[in-house]
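See structure below.
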Amino acid sequence: MTMKTVTKSMHQIAALGTDPGLLNYVQRILADRFHVSVFTAPGELTARLQEPGRTDLLLMDWQSGNGNGCEDALTRLAGIRAIKPTLPVVLFARSVDLKEVLQAARLGATDVILKPFVKSDVDHAVEQHLGNGGLNFAAGDDQVQEIPLDEDTTFVLSSRRMRELEAQCRLVARTDIPVLILGESGTGKEVATLFIHKMSARSNRGFLKVNCAAMPADLLESELFGYEQGAFTGAVKSKPGKFELCNGGTIFLDEIGEMPAALQAKLLQVLQDGTFARLGGRFTLRVNVRVIAATNLDIKEAIAQKKFREDLYYRLNGFTLKMPPLRERSEEIPVFAHYFMRKVAAKHGSMPLHFSPMLMQALCNHPWPGNLRELENIIKRYFILGDEQAIVGDLRPAQYAGPSNSGGVDTAYVPGLKRLVKSIKGDAESVAIAQALEGTGWNRKAAANQLQISYKALLYKIKQYNLNPVERQQRPSVM
Ligand SMILES: Nc1ncnc2c1ncn2[C@@H]1O[C@H](COP(=O)(O)OP(=O)(O)OP(=O)(O)O)[C@@H](O)[C@H]1O
Ligand SMILES: [Mg+2]
């Protein structure tokens with residue numbers, strides 16, 4: 001007979017519910033490793049939560065009690081969040097009722113265990129949210145998490161806003177509803193999409209991305225839905241589209257706000273019943289694809305201007321995630337600066353460069369209009385140049401810095417000549433880009449080719465210089 005020694009962790013788990021059977025069971029399966037306290041009266045739990053540092057995780061029975069159980073539970077969850085904004089809260093729920101899961105996600109539930117459950121379900125959830133059996137978990141707002149998603153992508157999060165967003169992603173990953181991710185350019189919409197896919201039951205099926213702004217309507221239609229032989233000149237043999245290729249998986253429709261109007265109806269159809277026809281095809285095909293869409297446009301504005309179908313918006317918007325801009329989670333800047341530095345250094349097989357307090361201060365004070373993408377580029381530049389003065393010079397004076405005593409960028413760091421050169425360079429660049437865009441009738445792909453920059457870089461520059469088509473400025477759209 002082998003004897004297993006179990007070390008009890010110091011972690012305190014609270015369990016709330018009205019079903020004594022469930023509470024007893026939970027206590028029994030966790031009591032060898034954790035301190036578990038059960039509560040049948042929400043008031044007692046509230047009192048406990050108000051004691052500093054006494055609870056590391058809450059397990060809560062969601063549909064407990066009578067028919068009003070869910071509503072009560074929602075109110076209770078909101079109350080708990082008010083006291084303990086970052087406490088991991090795992091719910092026991094009878095079914096994946098979409099509405100409930102989404103409401104719970106909005107209120108910041110961390111995870112759901114479906115009833116009936118077994119010991120390993122609880123162990124798994126507790127381990128996940130307490131971290132490695134609870135032994136390495138250091139609760140606190142400054143905890144950095146790095147979740148590997150694929151060879152190139154890691155989901156890094158260290159702020160409270162991002163942990164709330166992570167919890168929402170985990171919950172929504174359990175459903176199949178479409179998700180709309182809003183956020184400025186470079187805020188991590190694609191990373192969040194990949195995270196949802198990885199956390200979902202579809203994680204071992206395909207994940208495909210389509211950039212809806214990158215090509216004209218007919219090309220995008222064949223890309224998404226495929227075509228039959230002879231559908232158009234050059235269609236020598238039939239080809240499946242991404243929706244077919246991605247059956248069972250997740251499709252990421254990036255820049256959805258730019259999807260040509262003609263295609264929006266066809267997309268709406270797939271979202272409604274999973275059916276579509278290939279270009280030139282006579283048969284209706286049916287697929288099971290989860291759609292996640294993202295945009296950095298103001299989609300409500302696009303609807304008001306009749307550029308985006310309202311019905312499509314409501315279909316896509318099963319759940320909306322808003323990626324906060326970096327300036328609203330500036331506590332993450334040092335974390336990301338080190339992370340991007342480690343990443344670029346590892347890629348080149350070198351040691352990461354050091355950040356002096358002056359450089360770090362300049363990084364923290366910069367408003368980051370291009371968000372994490374801009375930060376990553378600056379860090380790469382620092383790695384290549386190795387010249388922190390040059391980087392400090394590159395960073396514009398803070399526009400979003402708080403009151404002056406909170407410390408804006410000291411403009412003495414930014415030599416006058418450098419700034420002058422930078423602004424002249426910026427002017428010349430924006431004129432060249434505007435000319436290329438006008439010259440190609442605002443075909444961004446063609447303009448990017450002409451300018452020999454990537455499509456994404458062009459989108460970023462358009463935003464950076466706030467460029468708009470000349471025609472649109474003169475003649476308001478009447479669509
Ligand atoms: N939470 C994160 N953890 C790690 N890396 C991140 C995170 N958020 C963003 N990044 C990195 O920052 C860059 C921009 O992220 P991403 O492409 O997801 O942004 P986006 O919102 O899709 O931008 P765009 O609107 O320009 O397409 C990428 O290199 C990505 O790997
Ligand atoms: Mg993107």
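Just so you know, ligand 1 is whichever comes first in the structure, and atom 1 is the first atom listed for that ligand.
In K84, the NZ atom is crowded: over 12 heavy atoms of neighbouring residues, nucleotides or ligands sit closer than 6.0 Å.
Ring centroids of F383 and H348 are separated by less than 6.0 Å, placing the two rings close together.
Annotation: atom 11 (C) of ligand 1 to nearest protein heavy atom, F340 CZ, 3.9 Å. The closest protein non-hydrogen atom to atom 20 (P) of ligand 1 is K189 N, 3.5 Å. The protein heavy atom nearest to atom 3 (N) of ligand 1 is V156 N, 2.8 Å. Atom 4 (C) of ligand 1 has its closest protein heavy atom at T154 O, 2.9 Å. Atom 19 (O) of ligand 1 has as its closest protein heavy atom G188 N, 3.1 Å. Scanning all protein heavy atoms for the shortest distance to atom 24 (P) of ligand 1 gives R373 NH2, 3.2 Å. Protein heavy atom at the shortest distance from atom 12 (O) of ligand 1 is L372 CB, 3.6 Å.
Contacts between T153 and ligand 1, counted as non-hydrogen atom pairs separated by less than 4.0 Å, are absent for every part of the residue. Residue contacts with ligand 1, taken as heavy atom pairs separated by less than 4.0 Å, do not involve Y460 at all.
Within the 4.0 Å heavy-atom cutoff, V191 counts among the residues contacting ligand 1. A heavy-atom separation below 4.0 Å is found between G186 and ligand 1.
By the 3.5 Å distance cut-off applied to N or O atoms, Y339 is not counted among the residues near ligand 1. Between F336 and ligand 1, no pair of N/O atoms sits closer than 3.5 Å. Where the criterion is an N or O separation shorter than 3.5 Å, residue side chain and backbone included, K343 fails it with respect to ligand 1. When only interatomic distances are considered, the shortest N/O to N/O separation between E255 and ligand 1 does not fall below 3.5 Å.
Atom OG1 in T187 sits 10.0 Å away from atom CZ in R327 (nearest 0.5 Å). F340 CZ to E376 CD: the interatomic distance, rounded to the nearest 0.5 Å, is 4.5 Å.
Residues meeting the side-chain hydrogen bond (donor to acceptor under 3.5 Å, both in side chains) test with K242, sequence neighbours left out: E223. Residues passing the side-chain hydrogen bond (donor to acceptor under 3.5 Å, both in side chains) test with T275 are Q269, D273, sequence neighbours excluded.
In this pair, F225 and F243 present their aromatic rings parallel. The plane angle is below 30°, not in the 30 to 60° band.
Atoms of ligand 1 found under 4.0 Å from any heavy atom of E376, numbered from 1 in the order shown, are 12 (O), 13 (C), 28 (C), 29 (O). The atoms of ligand 1 that sit less than 4.0 Å from any heavy atom of F155 are 1 (N), 3 (N). With ligand atoms numbered from 1 in the order given, ligand 1 contributes 17 (O), 18 (O), 22 (O) to contacts under 4.0 Å with heavy atoms of E190.
Residues D176 and R202 meet the side-chain proximity criterion, which asks for heavy atoms closer than 4.5 Å.
With salt bridges taken as basic N to acidic carboxylate O contacts below 4.0 Å, none links E328 and K322. A salt bridge does not link E255 with R444: none of the charged nitrogens is closer than 4.0 Å to a carboxylate oxygen.
Screening Y339, Y382, F336 for a ring pair (Phe, Tyr, Trp, His ring centres under 6.0 Å) involving F355 leaves a single residue, Y382.
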